[in-house]
Each structure stands twice: as structure tokens, then as C-alpha cells.
Amino acid sequence: MKRRLVLGLGAVAPFVHAQTERVLRFAWWGGSSRHQATLAALRLFERRHPGLRVKAEYMGFNGYLERLTTQIAGRSEPDLMQINWAWLAMFSKRGNGFADLHAQARRLQLDQFSPADLAYGEVAGKLNALPTSFSARVMLWNRLSFQRAGLALPTNWDELFASGRAFRKALGEGHYPLDGELYDMMLLSQSWVQQRHGTPFVDPDARRIAMSEAAALDWVRCYRRLVDEQVCTPLPLRASLGGAEKPTEQQPDWVAGRWAGNYTWDSLIGLRASTLPSADQLALGEFPTLPGAQDSGLFGRPTVMYAVGRSSAQAEWATRLMNFLLCDPEAAKLLGRTRGLPSARSALEVLRAQGGLPPLELAAHEQIRAQREAGRLRHPAPLFEHARFLKFMREVFETVAYAKTTDQDAARRLVREGNALLHRL
């Protein structure tokens, strides 16, 4: 009887354990390095909290938004999730699409973040998300290609516009000083217009187009000038070489130095350098600015953010996991730069003390920080990167790139159809 009782208890024990085990769901997208680093950090969190298991739901970016949209609509979203900043405008227009982190403030080290970083996660007075890092646009130049062309690296708009034909004259057909996808060139052109007119395309505080039709016309003409004066790789050319959105580092012309620059996110510097014969040939350029401009027009926002699901029954533990991933020193060592240089001051200091941070990425980080602290990098409108709005802008600029419209008609569409779309979002 005694043996039979012991066996009975042994059989029950796993069932009791299964019933009491706490399971948190955490979803993110990324590549292999991000996946492996995150899984290692999650194992550390589990070891520190016996009886808790984190169910990792990870994948590449393609399909992630669609899956999350379905889950949120069905109130079956993960407890903790990685999101893009622009998705706050899609899922939480009034601040109630995600859990309000103010309610969990005692479990978060909010003092590790600047007020500006926290503001990116605020919606209608509620703290919906926290940033892993901040990313903005930078100019990258292949110094060896410019040396071959006998040109100095561009430091202002006049030098940038003049570099196209000078490059072609010195090195021949097929050489461009700058490469970028369509969206990259749209953002670069918008910076010029924002510096000149003092306004972005979308009002950051209202659902309306902030540019006049005259300013929108300058936007279109600036983009066309970059192409016509052979400064940047034309969209039809990129499309013919494996797809218009094929990453720069995968382009043979970039690897060979025939495309000598890139306007991109600072978080992608490592990727851009990875296929060059020597990473030392890549240089950080000055951001071109018109004389007297009060606004750089530089586009920046959180690289990615963490949010807690509004349907989560375990908001406390989801918040603890969020804080661990963002601020814990050991987690910082494991995660490294897989989501950019950390916004949390303590995590960034851990990486600095550990050593090995690429000098070019640190220089870009400091360049962006200086722009932010000087008030020259404004908080953009989240709706600018709304998926439907991005699709609309790209379609308009594609008609410009393929000469299927006039500059005036494109500008009118941007303002009039843009306003109509913003009111529907």
C-alpha cells in the first residue's frame, strides 16, 4: 500500500507542476543573430524565476504584422510583443490598444530613458510602449570611391547635387555617388523641403498634410533632381537588378564601389559595411543642411519598441520581462546591438564598458544625439509610416520615377489625396 501511494503521488506531481507553471508569450521578428541572442536572454530570465516559462514566438518580418493584426483583433495577442513605433497609430489611436505602462511604473526603470524617448511611447496620456533604441538617417560614403573620382565627401546640398555628374565624368557610366531604395530618396528629398519650408509632409499633431502644394512640388522636384543629375541610382535601374528594394549591401555595384554612398538608418551601418572589401573604407558624412535652416528635416524614431498586450492576464510579469530585456546588465551583454544601441542608459554603459562597439556606429549615434539635443530632429507624425499611407506615397513617387505623371500632378495628389487618406486611417 505504501509503495502504491508513493507511485500515485509521483504520477500526480507532473500534473500539479503543469497546472502551476506560469507561461508568458513573447513575440518578435528579426534575423538569426537577434533570435539567438533573445533566446539566450529569455533562458536567463527563466532561470531567475523558477516556475515561469517564456514561450518564444519569433519569425522574420514578412507576415509578422499580419499575424499580430489578427491576434489583436481576436484579443489573443502575446503578453509582450515587439512592435514598430508607427503601429501605435494603427492599433492604439486613443491609447487603449496596448496596456498602459504607467500602471506598472514601479516595475519599470523609467529613469533610464530620456523624456524624449518616453514621449515616443505616449498616446493620449498613456504609456503604450518603450523603445529598445533610437534610429535616424545618416549619410554613408565609400571614401575610396570618392578618392578615385578625385572628389571630397559632400558636406552640403550643393556639393551633393554636383557630385553626380562629377562622378560620372571621372569614373564613367554606371557610377553613382549615392544609392538608396525609393523610400530612402523620398526621405532625403523631404529633408531638403523641410529645411526650406520649415514643415514636414504630415502634421505630427493632427491628421492633416502640413505641406502646401508649393512645398509638395519642391519635394517632387528635389527627388527628380537627385535622379536627373545622376546623384542617386534611378528606381528603374534598381528594379532591373534583382528588385527595387534589394538591400544595398547585396548589390554587386556597392561591393565594387561603383555605388559610393548610401542614405540609410544608422542601425544598418553594420550590414552596409559587411560586404565591402574593408569596413574602414566606409565613412560617416555630414548631414547636408541649408543655410539658416532651423529644422534638419532628419527623420528619426525608435528602432523597435516593446508593448504589453491589453488582453494579457499577466501584465505584471510581462512588464518585468520588458524591463529585464531593456535594462538588466546581463541581458544587455547577451542582446548586444541586435536591436540597435540601447536607449536605456544603463544598458548602453554596459556595452561601452564591455568594449568592441564599432566606432562608425558610435559616431553615428553621437551625430544623431547631437541633433536631438539641439532640437533639430523633431518628433515625426506616426501616421507618416502607417502601412497604407506609406503605400500611397510610394505609389505617387513611383509614377514620378517612371515618368508617368507631371511634377504638378504628383504634388496635387500628395496633398489632396494624402489629406483624404489621413482622415480615413
Side-chain angles (χ1 to χ4, degrees), residues 12-85 87-88 90-92 96-101 103-104 107-109 121 127-133 302-340 342 344 347:
V12 171
F15 174 77
V16 172
H17 175 74
Q19 290 294 93
T20 58
E21 182 183 54
R22 184 186 301 276
V23 179
L24 279 178
R25 293 168 57 211
F26 173 38
W28 74 90
W29 76 85
S32 176
S33 59
R34 180 182 291 179
H35 295 334
Q36 295 307 312
T38 306
L39 290 170
L42 295 182
R43 287 193 292 268
L44 174 59
F45 187 75
E46 289 174 334
R47 288 197 298 271
R48 290 187 184 177
H49 302 283
L52 181 143
R53 181 170 64 87
V54 181
K55 182 183 178 185
E57 302 176 6
Y58 57 97
M59 60 187 294
F61 183 73
N62 289 338
Y64 182 91
L65 176 58
E66 292 76 8
R67 184 180 74 174
L68 189 62
T69 300
T70 300
Q71 291 173 332
I72 289 176
R75 302 184 78 90
S76 61
E77 71 272 25
D79 298 293
L80 180 66
M81 67 203 89
Q82 178 180 297
I83 64 170
N84 268 336
W85 166 70
W87 298 352
L88 292 175
M90 296 171 58
F91 296 124
S92 192
N96 56 5
F98 299 103
D100 184 4
L101 299 177
Q104 302 288 341
R107 299 181 179 91
L108 293 166
Q109 293 170 261
L127 186 59
N128 276 183
L130 288 178
T132 65
S133 58
T303 311
V304 294
M305 308 187 83
Y306 292 142
V308 173
R310 66 172 178 173
S311 305
S312 174
Q314 305 183 93
E316 174 186 338
W317 279 100
T319 306
R320 289 178 188 271
L321 176 57
M322 178 194 292
N323 191 73
F324 168 81
L325 294 170
L326 292 171
C327 301
D328 184 86
E330 295 304 313
K333 292 176 184 177
L334 291 169
L335 293 169
R337 303 175 349 266
T338 55
R339 289 177 175 84

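Note that the coordinates shown come from a computational prediction; the quantities given were computed from them, not determined experimentally. For this chain, numbers begin at 1 and follow the sequence in order.
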* For Asp79 and Arg22, run salt bridge (charged side-chain N to carboxylate O under 4.0 Å, His left out): C-alpha distance rounded to whole Å, both residues' side-chain angles, the deciding distance at 0.1 Å, then the answer. => CA-CA 12 Å; Asp79 298 293; Arg22 184 186 301 276; over 6 Å; no
List the atom of [X], the atom of [Y], and the distance in Å for their closest heavy-atom pair.
| X | Y | answer |
| --- | --- | --- |
| Leu44 | Ala331 | CD2-N, 4.5 Å |
| Glu57 | Pro78 | OE1-CG, 3.8 Å |
| Ala99 | Gly309 | CB-O, 4.0 Å |
| Ile83 | Ala307 | CD1-CB, 4.0 Å |

Report the distance from atom [atom1] of [X] to atom [atom2] of [Y], rounding to the nearest 0.5 Å.
| X | Y | atom1 | atom2 | result |
| --- | --- | --- | --- | --- |
| Met81 | Ile72 | CE | CD1 | 5.5 Å |
| Met305 | Leu130 | CE | CG | 6.5 Å |
| Leu80 | Ser312 | CG | OG | 9.0 Å |
| Arg34 | Leu335 | CZ | CG | 10.0 Å |
| Trp87 | Tyr64 | CH2 | OH | 6.0 Å |
| Thr69 | Phe91 | OG1 | CZ | 3.5 Å |

* Scan Gln82, Arg339, Arg43 and name whichever one has a side-chain hydrogen bond (donor to acceptor under 3.5 Å, both in side chains) with Thr38. => Arg339
* Structure fact -> Only residue of Trp28, Tyr58, Trp29 satisfying side-chain hydrogen bond (donor to acceptor under 3.5 Å, both in side chains) with His35 is Trp28
* Using the test side-chain hydrogen bond (donor to acceptor under 3.5 Å, both in side chains), find all partners of Arg67 that sit at least two apart in sequence or belong to another chain. => none
* To do: Please name all residues satisfying side-chain hydrogen bond (donor to acceptor under 3.5 Å, both in side chains) with Thr338, sequence neighbours left out, ordered by chain then number.
  => none
* Close side-chain approach of Glu66 to Thr70, heavy-atom, < 4.5 Å -> no
* Asked: Is there side-chain contact between Asn128 and Leu101, with heavy atoms separated by less than 4.5 Å?
  -> no
* Decide yes or no on side-chain contact (heavy atoms from CB on, under 4.5 Å) for His49 and Leu24, but give the supporting numbers first. => CA-CA 12 Å; His49 302 283; Leu24 279 178; over 6 Å; no
Got a donor-acceptor contact below 3.5 angstrom from the [X] side chain to the [Y] backbone?
| X | Y | result |
| --- | --- | --- |
| Glu77 | Leu68 | no |
| Ser92 | Leu88 | no |
| Gln314 | Arg25 | no |

* Asked: Does any donor atom in the side chain of Arg337 or Ser133 lie under 3.5 Å from an acceptor atom in the other side chain?
  -> no
I'd like a table of donor-acceptor pairs (distance under 3.5 Å, sequence neighbours excluded) in which one partner is a side-chain atom from residues 319-326, with atom names and distances.
unit_1	atom_1	unit_2	atom_2	d
Thr319	OG1	Ala315	O	2.6
Arg320	NE	Glu316	OE2	3.3
Arg320	NH2	Glu316	OE2	2.9
Asn323	OD1	Gln109	N	2.8
Asn323	ND2	Gln109	OE1	3.0

